[in-house]
Amino acid sequence: MAQKPSIPKGTRDFSPVEMARRNYIFDTVKEIFQRYGFQPIETPAMENLSTLMGKYGEEGDKLLFKILNSGDFISKVSEDELQERNSVRLTNKISEKGLRYDLTVPFARYVVQHRNEISFPFKRYQIQPVWRADRPQKGRYREFYQCDVDMIGSTSLLNELELVQIINDVFNQLNINTVVKINNRKILAGIAETIGEADRIIDITVAIDKLDKIGLEKVNQELLDKGVSQEAVDKLQPILQLSGSNAEKLDQIEAVIGGSTVGKKGVEEMRTLFAYLSGFELTTEVELDLTLARGLNYYTGAIFEVKAKDVQIGSICGGGRYDDLTGIFGMPDVSGVGISFGADRIYDVMTQLELFPDEAVASTKVLFVNFGEKEEAYCLPILARLRANKVNAEIYPEAAKMKKQMTWADRKQVAFVVMVGEEEIKQGKLTLKNMKSGDQQLVSPEELIKILSE
RNA sequence: GUGGUUGUAGCUCAGUUGGUUAGAGCACUGGAUUGUGGUUCCAGGGGUCGUGGGUUCAAAUCCCAUCAUCCACCCCA
């Protein structure tokens with residue numbers, strides 16, 4: 001038992017049933033992405049470490065899976081460097097590739113590399129696995145799929161509107177109750193600026209982010225601990241205690257941070273977006289949430305996060321606007337905005353709420369029971385004709401006991417079974433059994449094809 | 001990286017204050033039913049009790065270590 005084979009921590013195998021359900025999610029998402037004019041691309045599982053490093057903050061660098069160089073890489077490392085025992089420095093010497101951490105950064109790399117083939121604004125979607133060397137727990141895996149939609153090369157807030165509509169459509173179709181939380185990095189920057197702690201923006205947002213978890217008092221305490229002045233914390237209070245509709249909240253914020261140019265810009269952007277949104281009937285609730293920070297440090301405008309209402313799990317979708325992601329790769333002034341659906345968490349939510357429709361698991365339509373060589377010879381051509389008519393059909397590969405073959409068909413949820421013995425051959429017919437109702441009938445090959453083709 | 005939880009049959013779990021041969025349900029195999037599955041009945045196979053050490057006349061049970069697992073924090077899809 002100890003030597004049973006296993007897979008790495010945080011990874012999973014997927015059975016046929018699980019695959020059918022996962023594909024149901026992927027198909028839904030794809031269909032909606034395409035309806036909004038997005039086109040697919042794919043990028044390699046591994047990227048150069050130079051592309052990946054430094055894009056996700058210090059924490060992110062630690063979570064990157066690195067790939068050892070091929071060949072005798074250790075011989076190229078000097079004795080001094082080995083003695084130093086510095087993992088970071090040594091990594092640079094023995095590894096130059098890593099598994100992708102998300103799809104956004106590889107996308108930025110793709111855009112820069114292919115800029116001359118792309119006509120902007122470029123709208124793409126990408127559904128591929130990503131890897132993070134995180135410690136696994138509920139809803140957190142080391143290998144998981146992201147479904148990204150981004151548009152790059154346009155600053156219009158119409159793009160933000162479309163993303164919210166896509167979120168709405170996807171979760172509506174999958175039947176998941178969600179709430180979309182929206183914030184704007186510029187507002188957060190404005191807050192930091194207003195209270196005179198502009199360079200502390202990260203500490204401040206991280207603290208604010210914890211508001212609904214640890215409460216107002218502890219947030220204030222954390223801010224003071226981080227070195228923010230009492231005066232600044234006092235100034236922050238009205239913002240931490242916002243209430244009312246999204247529009248009212250924006251008014252309250254503006255009253256406090258209106259003096260900041262960035263902050264004012266952020267408020268205006270949000271007003272425009274909510275104005276756009278007010279023109280549509282959305283089933284998903286949309287809420288302005290100032291405590292939404294999101295760790296990734298490349299966001300510069302709107303930030304989004306989607307939570308499932310009926311299940312306790314991390315966010316199932318997130319994203320935002322980044323004004324200069326391609327700048328790091330030498331292509332400045334290109335703004336993009338995008339979101340990422342976490343397919344695995346969506347799967348977990350749907351499993352828990354039992355939202356998968358039965359049709360999500362499709363199987364063989366008809367199985368030919370195998371009685372022996374003569375019967376095989378009679379069945380094979382008919383089987384081929386069924387397949388030519390696009391009917392999913394198969395024959396049991398050996399003349400096993402009938403009971404065994406029937407059990408096998410039942411387990412596989414095959415809809416029909418065809419039985420052919422001496423009697424049927426003599427008459428030139430076949431016995432067709434409906435596995436659900438149990439009904440049987442004697443039919444000719446032509447009738448069989450007609451019935452199953454429907 | 002920090003804190004905690006749990007490791008017993010393929011799966012989900014019982015197993016009393018340490019005490020004879022470690023149990024159940026589901027799953028599996030065979031039979032009732034030699035051309036009929038999903039229901040029912042009968043029978044059967046399957047366990048180094050995560051691993052290594054220690055205490056004891058005696059350890060699944062107590063102690064230590066180790067590995068694995070899940071959960072929370074951090075962070076995040």
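A quick note: this is a predicted structure, and the numbers were derived from the prediction, not measured. Any value given below was found using the heavy atoms of this structure, including those in side chains, with hydrogens, waters and symmetry copies removed.
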**Q** Which one, B/rA77, B/rG35, B/rA72, comes nearest to the side chain of A/Ser315?
**A** B/rA77
**Q** Donor-acceptor pairs under 3.5 Å, side chain of residues 318-329 of chain A to any protein atom, not counting sequence neighbours: which ones?
**A**
unit_1, atom_1, unit_2, atom_2, d
A/Arg321, NE, A/Glu160, OE2, 2.6
A/Arg321, NH1, A/Ser154, O, 3.0
A/Arg321, NH1, A/Ser335, OG, 2.7
A/Arg321, NH2, A/Ser154, O, 3.4
A/Arg321, NH2, A/Ser156, O, 3.3
A/Arg321, NH2, A/Glu160, OE1, 3.1
A/Arg321, NH2, A/Glu160, OE2, 3.4
A/Tyr322, OH, A/Asp150, OD2, 2.6
A/Asp323, OD1, A/Ser335, OG, 2.6
A/Asp323, OD2, A/Thr300, OG1, 3.1
A/Thr326, OG1, A/Met331, O, 2.6

**Q** Counting the atoms with a prime plus P, OP1 and OP2 as sugar-phosphate, which does A/Gln440 contact under 4.0 Å by heavy atoms, base, sugar-phosphate, or nothing?
**A**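 Base contact.
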**Q** Please work out which residues in residues 441-454 of chain A have a non-hydrogen atom less than 4.0 Å from an atom of RNA chain B and list them by number.
**A**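 Residues of residues 441-454 of chain A that come under 4.0 Å of RNA chain B do not exist, since none gets that close.
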**Q** With sequence neighbours excluded, give me every salt bridge (Lys or Arg N to Asp or Glu O under 4.0 Å) pair touching residues 425-444 of chain A.
**A**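 The answer is A/Glu423-A/Lys426.
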**Q** Does the side chain of A/Glu269 come under 3.5 Å of the side chain of A/Asn184 through a donor N or O and an acceptor N or O?
**A**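 A/Glu269 vs A/Asn184: donor-acceptor pair found between side chains.
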**Q** Under 4.0 Å, heavy atoms only, any strand: does A/Gly421 hit a base, just the sugar-phosphate, or nothing?
**A** base
**Q** State which residues pass ring-ring contact (aromatic ring centres under 6.0 Å, His included) with A/Phe33; sequence neighbours excluded, sorted by chain then number.
**A** A/Tyr125, A/Phe341
**Q** Hey, are A/Asp61 and A/Lys55 close enough for a salt bridge, meaning a charged N less than 4.0 Å from a carboxylate O?
**A** no
**Q** Using 0.5 Å steps for rounding, measure from the CZ atom of A/Arg109 to the CD atom of A/Glu47.
**A** 4.5 Å
**Q** So, using ring-ring contact (aromatic ring centres under 6.0 Å, His included) as the criterion, who are the partners of A/Phe416 when residues are at least two apart?
**A** none
**Q** Rounded to whole Å, how long is the line connecting atom CZ of A/Phe368 with atom C1' of B/rU36?
**A**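 Distance check: A/Phe368 CZ to B/rU36 C1' gives 16 Å.
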**Q** Can you tell me if A/Gln137 touches the phosphate of B/rA72, counting only side-chain N or O atoms and a distance under 4.0 Å to OP1 or OP2?
**A**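 Checking B/rA72 against A/Gln137, a side-chain N or O does come within under 4.0 Å of OP1 or OP2.
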**Q** By the ring pair (Phe, Tyr, Trp, His ring centres under 6.0 Å) test, which pairs, at least two apart or in different chains, include something from residues 128-159 of chain A?
**A** A/Phe26-A/Tyr145
**Q** So what does A/Val206 hit on the nucleic acid, given a heavy-atom distance under 4.0 Å: a base, only sugar-phosphate, or nothing?
**A**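 Sugar-phosphate only.
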**Q** Tell me which nucleotide among B/rA77, B/rU69, B/rU36 gets nearest to the side chain of A/Met402.
**A**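 Side chain of A/Met402 sits closest to B/rU36.
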**Q** Pairs under 3.5 angstrom, nitrogen or oxygen only, protein versus nucleotides 2-5 of chain B, please.
**A**
unit_1, atom_1, unit_2, atom_2, d
B/rU2, O4, A/Arg135, NH1, 2.9

**Q** Show me the protein contacts with nucleotides 29-32 of chain B, counting only N or O atoms at under 3.5 Å.
**A**
unit_1, atom_1, unit_2, atom_2, d
B/rG31, OP1, A/Lys401, NZ, 3.2

**Q** Given Watson-Crick or G-U pairs with both distances under 3.5 Å, what dot-bracket string fits RNA chain B, with | for other-strand pairs and [ ] for crossing?
**A** ((((.((..((((.....[...)))).(((((.......))))).....(((((..]....))))))).))))....
**Q** For A/Tyr347, which residues count as a ring-ring contact (aromatic ring centres under 6.0 Å, His included) partner, sequence neighbours excluded?
**A** A/Phe356
**Q** Return the nearest nucleotide to the side chain of A/Lys9; candidates are B/rU69, B/rC74, B/rG35.
**A**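 Looking only at side-chain atoms, A/Lys9 lies closest to B/rU69.
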**Q** Would you indicate what A/Tyr145 reaches in the nucleic acid, counting non-hydrogen atoms under 4.0 angstrom: base, sugar-phosphate, or nothing?
**A**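 Nothing: the residue A/Tyr145, judged by heavy atoms under 4.0 Å, touches no strand.
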**Q** Starting the side chain at C-beta, find the nucleotide from B/rA77, B/rA72, B/rG37 nearest to A/Met406.
**A** B/rG37
**Q** Please indicate yes or no: is the ring centre of A/Phe144 less than 5.5 Å from the centre of the six-membered base ring of B/rA77, with the two planes inclined by under 30 degrees?
**A** yes
**Q** Choosing from B/rC71, B/rU36, B/rA77, which nucleotide comes nearest the side chain of A/Lys433?
**A**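 That would be B/rU36.
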**Q** With heavy atoms under 4.0 Å as the rule, sort A/Lys307 into base, sugar-phosphate or nothing.
**A**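 No contact.
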**Q** Is it the case that A/Glu18 and A/Ser15 place a side-chain donor and acceptor less than 3.5 Å from each other?
**A**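 Yes, A/Ser15 and A/Glu18 have a side-chain donor paired with an acceptor closer than 3.5 Å.
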**Q** Tell me which nucleotide among B/rG38, B/rC73, B/rC76 gets nearest to the side chain of A/Asp410.
**A** B/rG38
**Q** Applying salt bridge (Lys or Arg N to Asp or Glu O under 4.0 Å), which residue pairs with at least one partner in residues 441-454 of chain A are found, sequence neighbours left out?
**A**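 Output for this query lists A/Arg385-A/Glu446.
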**Q** A/Thr284: which residues meet the side chain to side chain contact (heavy atoms under 4.5 Å, CB included) condition with it, sequence neighbours left out?
**A**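 Result, side chain to side chain contact (heavy atoms under 4.5 Å, CB included) vs A/Thr284: A/Asn168, A/Thr178, A/Val180.
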